[in-house]
Amino acid sequence: MAAVKKKRWPYVLGGILALLIAIVAVVLWRLDAILLKTARDQAATYSQKLGRPIEIGDVSTKLFPYVGAHIQNVSVGAAEGEDLPLAEVKDVTVSVAAMPLLTSKGKDIRVQDAEVSGLTVNVIRLADGTTNVQRLQEKLAAQQPKEETPEEETQPTDLSGVHVERAALTDGTIRFVDRAGGAQARELAVKDLDIEVKDLRVGQPLKVDLAAAVLADKQNLKMMLAAAPLPATLIPTPEQVTLKAEHIDLSPLGPFLPPDVGLQAGTLDADWKADLGGAVPGGKGPTKLVGVIKALGMKFAGSEGGKALDVVLDTDVTGDMATGDLALDKLNLNLGPAAITGKGKVKGLLTDKPAVEGFELTGRNLDPAVLAEYYPPLRKQLNGMIAGPIGLDVRGSGTQEAQAINIAVDLTPVRLRVPDQLTKDAGGAMKLNAKVTGAAASGGALRFDAKADLNGVDMRPGLLVNKAPGQRLEVAAAGTYAPAKTGSGMTVNVTSMSLGALDDTVTGTATVALAGTGKKATTTFKADVKAARLDAEKLLMSEEQVLARTGGKLPPEPPPGEASRFNGYRGDIQFAITSLRYTAMDLSNVTGVVKMVDDLITVEKFSTGVYGGKVVADGTTIRLGPAPEARPFTAKVQVQGLEVAQALAARTPKQVLTGKFNGNVDVQGVGYTPDKLQQTLLGGINGNLLEGTFLGKDLVSSVTGPLAKALPFAKALKSGDVTSLGGNLPFSVTIKNGVAQLSKPITWTRPEAAMSFDGGIGLDGTLDLTGGVSLTPATIKTLTVGKVTPTEAIPVGLKISGKAWSPEVTGIDVKPAATTILKLAGGAALGGLLGEKGKAVEDIITGGQDKAKAEAEAKRQELEARANEEKKKLEEQARIEQEKAKQRAEEEAKKRLKGIFGGK
C-alpha cells in the first residue's frame, strides 16, 4: 500500500498544478477581455471629442516574471472629408519587473522595455489648403474652457523609484499627402524614424538619440540630446545637443507648413554641436557652440523678384556665465544681405582680474524691412513697426588694469511704429551708448555706465507722456550688476541715475535684487529720487489731449491682472521735490517715503506745502492687487493753514468759501470714481475754519428782506452777498455714502446775528442744511427804523440747498418773528402814551420779556431736537455699517483659514 501511495502523489500534484494553470489562464483570458472592453469604451469617448474613430485591435497581459501589456493595431481614424487615418500603431509593448513592484508596494518600478513600433502619422493637405492636423488642433482648441483657472503650484513628484532600462519608438513614419493638387496626390515621407532612451533613472545621465530619413531612402537626420544626472523628479537639465543633417531638400515640405510661411524651396545642411553648460537653468560650466548650420536657397511666396535667402550660422564660441568669459574664435551669422560677425575674447569680466583681447561684435545691413523682401511673413509679423538699418557695434578695449567693453546701438536711421506706445521717424535721434567694465573697483560686480538719447521719439501714442519728437528725453544710469552666487537671481545697484524730460531733470539712486523662482520669487528694491523742479502737468497728457488723439473716446481700462501679481515685492521709495506742478496744484518741498509689501502701498511719510499751507499724509494706504474700481484705501491727512479759496478754485465753477483751514481728514473707501466713492466712502473731517467767509449769499439779508416785507414800518437791510463765519469756526463731519454730515450743529455769532445749522453736503457739492438766524436787538432796531428794540435776539428758521457755489435759501419762516416784532411795536406805542402806567399794559400785550424768552427757547429746542434726531440716525447707520464690516471681516478670515488648512 505504501508503494502504491508513493507512485500516486506525482499525479495528484500534477493535477493540482494543472488546475492552477487552468485557473490562471482563465483569469488572464478574462483580464485581457475586461481590459480590452475598458480600453474600447474609453476610445469611444475620445472618438466623440475628436470627431475621429479610435480603434484598438487587441490587448494582452502578462503577470510574471514581468507585469506587461501588449497592445496591437491602434488607430485614430479619418474625420469627415479625409480618406486616410490620422495615425496608426502596430504594437505597443510595456514590461515591468513583477517582484520589485510587489515587494515595494508599487514604489520600485523597473521598466524593462517600453516600445512603440510601426507608428504611422498621415499629414494630409486637403483641397482647401488646410491640413488634417490643423483641423484637429482647431477642434481641440474649441473644446478648451474660455477661462482657465490657474493651477496651484504643487510639490514636484518624487520619481526616484522609477527605472526605465529602455524606451523607444522604432520604425516610425510621417507621411505627407497633398490632395490639394487634384486627383494625382503627391506623397512624401519621413521614414525610418527611431527615438531611443536607455537607462533612465535617478542619478544617471540622460541620452536621447533620434534618427530619421527625411524625404530620402536612408537616414539623413540625426539628433542627440544629453542631460546631466537626473534628479528625483526626472526633469532633465540639458547639457549637450548635436545636430547633423545631410542636404535635406525642404521644398516638398512647403505645402504642409502653415500657409503664411509660404516655403517654396530650400535645402538644409548641418553639423553643429552645443555644450550648453550654465546657459540653461540649472546648468553649470562653460557653454560652447561649434559647427555650421546652412539653410540655402530659401524661397518664399511673395518675395520680391523671387529673391532667395541664404541663412548661414558658423560658430566656434565659448562662454562661461559664472566668470564672465567669452571667446569668439568664430561667429558669423549671415541672413541674406544682413550679417553679424564677432571675434576676440573677454576673460574674467565678473572677477577682479578682467581682460579684453580684440573683442568686436558688429552688425551690417540689419534692416528688418529689407529682410522682409526675402521672407514676406516677417512683414506681417513686424506689422510696420520697424524699418531701417540698425547700427550695432560692440568693442572691447583697455589694459589689464582698466578693461572695458563699449556698446553702441544707433536707431537714428530707423522708423518705429510701436502701437499704443511710441513712434519715431527715420532720422530722429535714438541712441544707446554703454560702457561695461570689470569688477576690480566694485568688489566683484560688473560695472556699467549707460546713456540713452531718445529726443527723436514721440511718446504721445502711449496716451501718458506728452513728449513730442525733438523734445528732450535723456536717460543715464551708472552702477553695478552682480548675478547671485548660488541659484537664480541678481543684484543691480544704480549708484547714479538721471532722467531729463522736457525742461525738468530727476536724479537719484536705486537698488534692485531678484531672487527665487515661481511663486517664491522676490523683488527687493530701494530708491531715492530728487528733483529741483518737476512740471508733471506739462509732462503728462491731459484728458483733453488724450481725447483729441482718440477721437473723443477715452481709452479702455487695461484688463485687471492677477491679484497676486505683486506678491514678493518688498521695498521703499524716498523722494524730495522742491517744486512740483501737478493737476493745477503748485506743491513745494514735497518729501516722503512710500513702502511696498506685496500689493500694499503705505505712505510712511509725506509732507508738502500747498495752497499757502502744509499737508501731511503719514499712514495713508492703498492695495494695488484688485482692479481699480475695487481697490481699498485709507487716507490720513493733517492740514495746517490751508487757503480754502485756492484749494476750491479749480474744483468749483465759482468761489464758495474763504479762510484758512486747520484740521484732520481720516477716511476710507473702495475705488476712485465719484460713483464708487458715493457708495463706499466713510470717515470724518474735523478742524477749524479761521476768518472764514461763505460767498454767494448773505444769510442775514436773506432773512431780513422777507421779514421787512412782513412789517409795515420796516426797511430792508443792504445785502453784501457774503456771510462772515467769524474768526474761528470749529466743525466736525462724518462721511457716509458720499455725504459729509455735520456731527453736531455749527454755530457762530456776528454783531448782526447768531447762526446755527445742521445737515450735510454731498461729494458733488450739493448742500442740505437746516438751521436758523437769530437777529440781534441792534439788527431789529435798525430793521424797524428804531421803532422796536427787543431785549432778546429773535430767531428765524430757514434751509440752505442747491450747489455750494450757487446756494438757495428756502423755507424761511418769518411769521413768528414778525408777530413778535409787531407786538413789541404795539406795546411800545401804548406804553409811550400812558407813561409809567403803560408799562404794565405793554407787558400784557406783548407778553413781556418772559414770552419773548419762551419763544426763543422753543425755537432753540426745536432746532436741537432736529439736530439730535439726525445725529441718532447717523449713529444708527454707522453702527449697522460697522456690524456689516465686522461680519465681512469674519467671513474673510474664515475663508483665509480655510485656504490655509486645505479647505477643511
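Predicted model, so just to flag it, every value in this text is computed and none were measured.
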Minimal non-hydrogen separation, [X] against [Y], with atom names:
X	Y	answer
Arg565	Gly625	NH1-O, 3.0 Å
Val785	Phe713	CG2-O, 3.8 Å
Asp599	Arg623	OD1-NH1, 2.7 Å
Ser702	Val809	OG-CG2, 4.0 Å
Thr779	Glu752	OG1-O, 2.6 Å
Ser607	Val616	CB-CG2, 4.1 Å

Are any of the side-chain heavy atoms of [X] and [Y] separated by less than 4.5 Å?
X	Y	value
Leu699	Lys697	yes
Asp758	Thr770	no
Asn686	Phe731	no
Thr578	Asn589	yes
Pro469	Arg460	yes

| request: Apply side-chain contact (heavy atoms from CB on, under 4.5 Å) to the pair Phe606 and Thr620, showing each step before the final yes or no. | output: CA-CA 9 Å; Phe606 177 86; Thr620 296; over 6 Å; no
So does [Y] get a backbone contact from the side chain of [X], meaning a donor-acceptor N/O pair under 3.5 Å?
X	Y	answer
Asn466	Leu540	no
Thr652	Leu648	yes
Gln471	Leu502	no
Thr608	Val615	no

| Which residue pairs pass the side chain to side chain donor-acceptor pair (under 3.5 Å) test with at least one member in residues 721-731, sequence neighbours excluded? |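 Pairs touching residues 721-731 that pass the test: Asn688-Asn728, Ser719-Asp721, Ser724-Arg750.
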| field | Donor on one side chain, acceptor on other, Thr621 and Thr602, under 3.5 Å | value |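 There is no such pair between these side chains.
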| field | Carboxylate-amine/guanidinium proximity below 4.0 Å for Lys538 and Asp503 | value |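 Salt bridge present between Lys538 and Asp503.
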| Would you call Asp618-Lys605 a salt bridge at under 4.0 Å N-O? |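 Not counted as a salt bridge, because no side-chain N and carboxylate O are separated by less than 4.0 Å.
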| message | Please report the interatomic distance CD(Glu691) to CG(Leu725), rounded to the nearest 0.5 Å. | response |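 These two atoms lie 10.0 Å from each other.
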